[in-house]
Undergrad: 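Below: one structure in structure tokens.
Computed over heavy atoms, backbone and side chain alike; hydrogens, waters and symmetry mates excluded.
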Amino acid sequence: MAVVLLMAARRASRQVHVGIAAACSAGGLAVLLVQAGPVLSGRTATVRLPWIPTLGLDVSLWLDPLALLFAGLILSIGLLVVVYAHGYLGKTEPTARFLSFLMLFQGAMVGIALSSNVLLMLVFWELTSLASFLLIGFWRDQADARQGARMALTITGGGGLALIAGMVLLGKAAGSYDLATILARADLVQASALYPAILILILVGAFTKSAQFPFHFWLPHAMAAPTPVSAYLHSATMVKAGVFLLARLWPVLAGTDWWFFVVTSVGLTTMLFGAGVALFRHDLKAILAYSTISQLGLMVMLLGFGTGAAVAAAIFHILNHAAFKAALFMHAGIVDHETGTRDIKRLGGLAAIMPLTATLGVLAAAAMAGLPPLGGFISKEMMLEQSAHTSWHGQALLVPVLATIAAMLSAAYSLRYAVALHFGARRTGAVAAPHDPGALLLAPPAILGVIALALGILPMTLAGPLVAAATAAVTGGAAPHLHLALWHGLNPALFMSLGAVAIAILLLWLYPAAAASVARLPSPDAKQMFDRALATSVDALRRLSGVIHRASLQRYLAVLFVTALALAGEAAWRFGVAAGARATTPASPVAVVAWAALIVATAAVLAVDRRRYLALVFISVIGLVMALAFIHLSAPDLALTQIAVEVVTILLMLLALHLLPGNPPRLSAVSRRVRDGAIALCGGLGSGWLAWAVMTRPERAGISRFHWNNSYSGGGGTNVVNVTLVDFRAFDTLGEITVLGIAGLTIFALLEPAAHGVAGRRLREWRSKDRFSPERHPMMFVMATRLLLPLALLVGMYIFLRGHNQPGGGFIAALVFSIAILLQYLASGFDWTDVRRRISEHQLIGMGVLIAVATGLGSLVFGAPFLTSSFDHVHLPLIGEFELATAMLFDLGVALVVVGAVMMALAQLAHVAQRAAKQDPAEQDGAKQDSTKQDSTKQGSAKQGREERS
Amino acid sequence: MTLVADIIVIVLLLLGAGFALIGSWGLVRLPTTMERLHGPTKATTLGLGALLVASVVHAQARLGVWTAHELLISLFLFITAPISANMIAKVHLHRARVGTVDEPEGIAGPPPRPSGDGDWATFEAPRRDTPASTANS
Amino acid sequence: MKNLLPHPGLSAMLLIVWLLMANSITVGGLVLGAVFALVLPKFTQPFWPDRPRMRFGRPFLGYLAIVLFDIVVANFQVAWLILFRRNRDLRARWLVVPIDLTTPEAITMLAGTISLTPGTVSSDVSADGRFLLVHGLDVADEVAEVARIKSRYETRLQRIFA
Amino acid sequence: MSLEFLVASAIAALVAGGIYLALRGRTFQVVLGLTLLSYAVNLFLFAIGRLVVDRPPLWAKGVTDHADPLPQALVLTAIVITFGMTALTVILSLRSFLESGSDQVDGVAEPEDAA
Amino acid sequence: MVAPIVVPAVTAPITLRLMRRHRGAALAISLGACVAMLVTAVVLFAAAQDDAIRSYALGNWPAPFGIVLVADRLAVAMLVLAAVLGTVVLGHAVVTGADRRGWHFHPLFHFQLMGLNGAFLTGDLFNLFVFFEVLLIASYGLMLHGQGALRLKTGVAYVVVNIVGSALFLIALGLLYGLTSTLNMADLAVKVAALGAQDQGLLRVAGLLLMAVFALKAAVVPLHLWLPRTYAATMPVVAALFAIMTKVGVYAMIRTVPLIFGARAGAAAWVPAPYLLPAAMLGAAIGFAGVLTARGMREQAAFAVLASTGTLLMPVALWQEAALAAALYYLLQAVLAGAALFLVADVTMRRRGQYADAIVPSPRFAQQDAAGLLYLLAAIAAVGLPPLAGFVGKLLILDASFAAPGWPAVWATILATTMIGVVGFSRSGSTLFWKATPQVEGEALVEPIASTRRSRAEFIAPATLLALLAALTIAAGWVTMQTGATAAQIMAPERYVAAVLGAGR
Amino acid sequence: MIAVTLHVATAGIALALLLNLWRLLRGPALGDRIVALDTMVINAIALIVLIGMIGGRDTYFEAALLLAMVGFVSTIAYCKFILRGDIVE
Ligand code: NA
Ligand code: NA
């Protein structure tokens, strides 16, 4: 509601920042006060904006008495804290950031209070955790602050996640996320099988936020935050969000045994535990933090009792606690600010030198101790009164006794705080002569102190209606009869209270001895345990993750293969993959021979795998058999392609092989090879069987029937494969040449910088261990290629032109062109050939793609879809009839890209070693300096040089 | 006419396949690399040539069309086969000279030096401005 | 004319090859073939500097005939050797053939011829381009064999590449 | 033996060889493995159209007996794409070797002299 | 409809040509093309609002014989997402000069977008393969952009793994063609449903292999191993674009499963169903654990991408309309959040000199607070805390997956992994942006970027992404309505079939 | 009759291919293997021609032509690799 982004005014003065923030809080408060009258008289104000209707998440706010109480608390203390912060923060601190976080928090907090949609409440809930994280970590240079912030976020954020689950389940059980609806459906929820889960999850959320045992430990460490934050978030407001939540959901969740036992027990334990620890802490803020834990336990316990009176007590205590604890935090802040220490053992006798501060501190501590005539006394009495009536699992005395002990401990640490700090010998910490601070620091706690006092003296006037209305809102019934007063007569609570104070004083008398014995007790440090647990698990996870994600291609592939095998195996195992009934084709002896050649060659590739050259030779054999197979099996286009691609591939591999290290030693162990062999065998058998299963199934009439029937009439060609490529499925082909073009570009991008830097140095230093013949360009070969070039180009032209009707086409023709030119490179060398080429690969690729796309776009001009072809049989005198098809233009684009990409790959690769060798040392240094961050001008010039050559 | 053509085809087919087979057999049974080189460069060229002519005649006899383009295959082979043989011989010479274990010298022994002071191009860079060098062009 | 048709021999060859490939003689095919026959030599000009002048007349045709005949003979000879000569009786020899041809084109043609004809394979050329290294599969008389190569092929080639 | 069996077993052999090589430690072996795999895949994709002997998919009036043209077109596309990928892989692995001094796929650097 | 593919296809060669001499013009065209693509995508998106599914017969060949493009709600939404991301990322690349760190950034970038758009639009399975290849090979190029030993080595693995994936794709595709003799997805849906009992095993093999391929692209556990190092090793600006790449795999599953492998697919009905859910849960766990254990910001962002895929696949794996709608919303935000993380990593590492993106304390650096704020917001989005869209997404998923089989596990995974993510991001964030070490003399071997007006411009792109995330949150009502309608369309495949093949079939 | 002869011829070529394969596997010299590969290509061309004749169609001519034209390129490349290491220099 009131989130103002102070970032906008980042550069403005701190006064402006404080002004904005204070105005914000005050404005919110004003709105509340305006609404207060109607709300208390029973008219709930609501606002509803649709947000995510499908989810049932609306921005719906309401202002009922409980919301009013909470929001008022948040805004009013917020206002005071802003003022206090103005005095507290140093001149150089970034107030804008601080206050924007604070305002973010305040807004979120008010949001929690006002939400009438549980999902919306979750949003605000998690936001408070986030804001708390930022605020605790505000002094980011301090390790304590960072760790405290992370711990707080971890615990409260984690609890928040449980709360999310709980709330969504609650919504599911109640059939709505609207709070009012949910609250009205307690029977539905409590009857639901999900109720225990809902309860536990929500309680975890509430308990973590409210620092209930055993989730309490983050709170003391949150004290690393600046004191205004501690006062505001970690005593007065945020930690009470859990209590608020319990109160808010009280009608729908409370009243069951589950609720009573869990909530009461946790609250009681926390109350006792917090109080006990607080007594033996020496850091002022730590004392206050544990005290807060204890007090929160008190409130939780009261809510757990499940009675209206207990709720009223809790709510009244919320008010009291907010007043005195915020005041105490501010007081502790002042002491820290003035004396430079928060160690209670280094402080004493401050009453004499800081009278105002001391008065304030004593007053607030008395309220915390539950001494009359302060508000704290009343709420403590109410608590004791309620516990006196509570029987825990048949144990009537358990709760009252423990509650009294807790009250006693509270009184003890409160008195210790008041007495040890302000009276006795003068100890002033790090500063020689501390004094009372200015009004900005003093006024806010003073106001709170006065309120704490007033709540004791005039409880009914000040808080009566509010507490009553809020209690009614919580219990969902009418406003209970409420009598807030210092004196209730001689009831058990009074005796319990008196006894507690008396023992407390006695305990303080014996304090040194007790403290010494407590100090000897092992004190598990929650923070260390938390840190260690986290660090250990992070380390373990990191090691695990490292093992899992080791950079190992071999592993990536093994997992991929095994997964695929497992999946295919599952299907085959469950449903069976039987062979079909289609008659097989008898194999001719020559087919068997070719097959044998393929099998043998494959085995040979494996057998000689580390003698790569030989492996390549055998790969050639496989390629040859493949081509023969395609011929035999009626696929001449494939055969042509296979033959041409094979040659280019071999050239490419030989070029690369030259620069790779020589025959390497075997890398993998026997076990590894056995494992891989097993995977390979399974993969082979599996894929072979799949092929077999499909091939033996009768074919079905499919879409290719259409292709066959329309090839000539609709596509203008008799080679159905080619018509498919350039017409029916031209879009595939467009994608395919794009792939090739990109491959070319990437290859260029890879090889162009290879002459520089590390790679360039390695290339220059590279010497083969083999002895080579000195003859570079064998005469016979050179001469033959000169004759072959025009011949091969002619053949290429032929294959290109007839592709539409006979085997051939742009791709194969392009490969023939490429091979013709590559032959020149092979025979006459790079430089000789390169200067004779007229067109760069980049141009070819670019033009090819453009021509192909433009051909496709051409049809748009005629109102036909992209890539619609058109053809006509043209009659020319003399020449006769011939066919012109746009598909041929498309094929031209294909051819250009293919030539470009192939030449790019091979010519660049052939070029790289030489270019590195030619680099002069001066350029080497330049390249070494920065191999990754090449400036563009140098690239540009290198590029230009290349362009001029070509 | 058909009978004559058939007989021609049959003879050519047998001749062609026979020479191809003999060439490959030579590759298996001849003693060393240089000798083996003779098999393919000769037997297979004619073998293939005979098959191609058979194909021409066959097409004429069966389909009644004159297709001569098979001869182009022969043209290419006549251009390329000697080059292949030449390069393979160079590989052999080079490896034998370097002393590679698996490249034994043939029964002709090491090649004699050419007259004069030079060596073969495989062992000595071709001299500039001689026909053996193509660098000058 | 020279500009338009710098290499009539090559152009003619391309045209013939084109027609052979097209496998039919039509006007359209002829025109297209002629276009390529004209364009391709020009386009590939840089890749074949100093194209030698050749005579495609009678000497050339005669040479072709002789070579074709020799190829057939060679095949039978080599087949005979493969089938019936024992390995240890093979008289494999290196022949050093001095050459008088001066252009690489001519030498290459000679070498190619040698490889395609009886029992001989051109294996290398000397670094100065004046000798061919020829491997004979079964050579009775080295000197006679060298003389046969020179007289039968080289002299004819000299005439063609005049 | 039927052609179908030959093709299926050839696919099996190629896949097995391809997988085994792809799992090896040197980039060049992996490239060879990918090559084998791509052969296998091409053959597989082709075989999917069923095997037809000597009936190329060239349209002529009245001809109905023909190989399925579509798988052939698919294989052609696949071959082209595979070629592009292979070229890229070869050059990438070379470039990677030049940069790191090791041709092992998993990037364990070796001493220079071993390379 | 073909424009989203043609525009980049034309732009790429033009920028290729112009980049050499006229950088300015090339940049203008490059960015202009992105904007044009965005406009086109929005126009298509607006057109799809009438709930009609439009198909476009390329080459005027009717489906299923030719290749058709199909613009349904899902496709156009992905187009918009890709265009938005592309525009922002390209802008960032230009501003930071990342496009000049190697060759051909712009052409590759546009080809990448072409591949993405093609994959989203196509209605043909083989064509999907082709566009997968286009986007993959472009991604190889981009991934290697800038180079360096590590990037190259990682690149080898990335490329090889994907090539094997492509081989698997072809095998699966081949099997499907072998069974059905068709490639059109709508036609496949019809034919698959009509397969006899004897073909069920093969069908399931094909379906599962196809899913394995998509899972590999989507980096689904255990096929995710390649992702962390790849994304961590590449340039952040490229990785930001890649944030959408894994989602293409998810897209492909969402596209094909309800359509082809839906309820009527016999043995292949909901084919990834038994495995996808546990894999997705593991993915989320591994991803967020990686967020916690990462040593560098890019690695962390990579794991966050992994985590988001896992999270989003959980509802997908349920194959229910509401869950799918939630997943789609989450997908949108996950792409933007992942990209934002990478861009923040980029601006941060550019300012930290040799500390680069390592999650270790460094001396204070320029614009640390701004970078920290962006990081905070991006992390909030990625981990799914309020107020950004990730939280809404997770709420949607929780809500939609309730009562589905295995919902407690889904919920537990989502919440527990979120927890891990919170811890992870808070640790790394406080180390990176709070903790500081004193400046060591002579340490700045690599010159970090100082605070200048120009360097402030680098924050525009990540801030834009975060603003988009905020918009996605604020407009969540509208967006969920959209995703709901989209999911409804997806789960009614008969409408797709009718739209593509004509109502008569 | 011709059909029978064609099959006989095919069988002969197939046998020739097997012989080539044997030499290819056996070596021992690299030269031997390259010759074997080169011869295989030539025999493959023969096979293609025969397949064309058996099927009575002209469709396979291009494949044979292409193989004749480019088959030797890989032979040369293999040789050049042994001779010079760098096949393009
Ligand atoms: Na918190
Ligand atoms: Na906190």
Undergrad: What part of D:I81 gets within 4.5 angstrom of chain E, counting heavy atoms only: side chain, backbone, both, or neither?
TA: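 Only the side chain of D:I81 comes within 4.5 Å of chain E.
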Undergrad: Without swapping roles, check the side chain of D:R95 against the backbone of E:A149 for a donor-acceptor pair under 3.5 Å.
TA: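 No, D:R95 side chain to E:A149 backbone: no donor-acceptor pair under 3.5 Å.
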Undergrad: Is E:L183 in contact with chain D via its backbone, its side chain, both, or neither, using a 4.5 Å heavy-atom distance?
TA: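 The side chain, not the backbone.
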Undergrad: Between atom CD1 of D:I48 and atom CG of E:L176, what is the distance when rounded to the nearest 0.5 Å?
TA: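 Those atoms lie 9.5 Å apart.
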Undergrad: First locate atom CG of D:N42, then atom CG of E:L170, and finally report the distance between them rounded to the nearest 0.5 Å.
TA: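 Rounded to the nearest 0.5 Å, the CG-CG separation comes out at 7.5 Å.
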Undergrad: For D:T27, is it the side chain, the backbone, both, or neither that has a heavy atom closer than 4.5 Å to a heavy atom of chain E?
TA: side chain
Undergrad: Are any of the side-chain heavy atoms of D:M85 and E:V159 separated by less than 4.5 Å?
TA: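 With C-beta onward as the side chain, the pair stays apart.
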Undergrad: So for E:V156, is it side chain, backbone, both, or neither that comes closer than 4.5 Å to the heavy atoms of chain D?
TA: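 Looking at E:V156, backbone and side chain both touch chain D.
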Undergrad: Is there a side-chain contact between D:L88 and E:Y140 (heavy atoms, below 4.5 Å)?
TA: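 In short, these two side chains touch, coming nearer than 4.5 Å.
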Undergrad: How long is the straight-line distance from NZ of E:K153 back to CG of D:L92, given to the nearest 0.5 Å?
TA: 9.5 Å
Undergrad: Would you mind checking which part of E:I163 comes under 4.5 Å of any heavy atom in chain D, side chain (CB onward), backbone (N, CA, C, O), both or neither?
TA: side chain
Undergrad: Can you check whether E:L152 reaches D:F97 side chain to side chain, under 4.5 Å on heavy atoms?
TA: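 They are not in side-chain contact.
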Undergrad: Is it the side chain or the backbone of D:D68 that comes within 4.5 Å of chain E heavy atoms, both, or neither?
TA: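 For D:D68, side-chain heavy atoms alone lie under 4.5 Å from chain E.
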Undergrad: Heavy-atom cut-off 4.5 Å, strictly under: side chain, backbone, both or neither for D:L74 against chain E?
TA: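 Its backbone and side chain both get close to chain E.
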Undergrad: Report the C-alpha distance between E:L175 and D:F44 in whole Å, list the side-chain angles of each, state the deciding distance to 0.1 Å, and finish with yes or no for side-chain contact (heavy atoms from CB on, under 4.5 Å).
TA: CA-CA 9 Å; E:L175 284 175; D:F44 187 91; 3.7 Å; yes
Undergrad: Is E:F126 in contact with chain D via its backbone, its side chain, both, or neither, using a 4.5 Å heavy-atom distance?
TA: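 Only the side chain of E:F126 comes within 4.5 Å of chain D.
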Undergrad: Looking only at heavy atoms and a cut-off of under 4.5 Å, which of D:I19, D:T77, D:L37, D:V30 has the most pairs with chain E?
TA: D:T77
Undergrad: Checking E:A157 against chain D: side chain, backbone, both or neither under 4.5 Å from a heavy atom?
TA: neither
Undergrad: Relative to chain D, which segment of E:L144 carries a heavy atom at a distance below 4.5 Å: side chain, backbone, both, or neither?
TA: side chain
Undergrad: Looking only at heavy atoms and a cut-off of under 4.5 Å, which of D:P71, D:G49, D:A22 has the most pairs with chain E?
TA: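 Most pairs with chain E among the choices: D:P71.
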Undergrad: Determine the option with the most heavy-atom pairs under 4.5 angstrom with chain D, choosing from E:L150, E:V160, E:L179, E:V164.
TA: E:V160
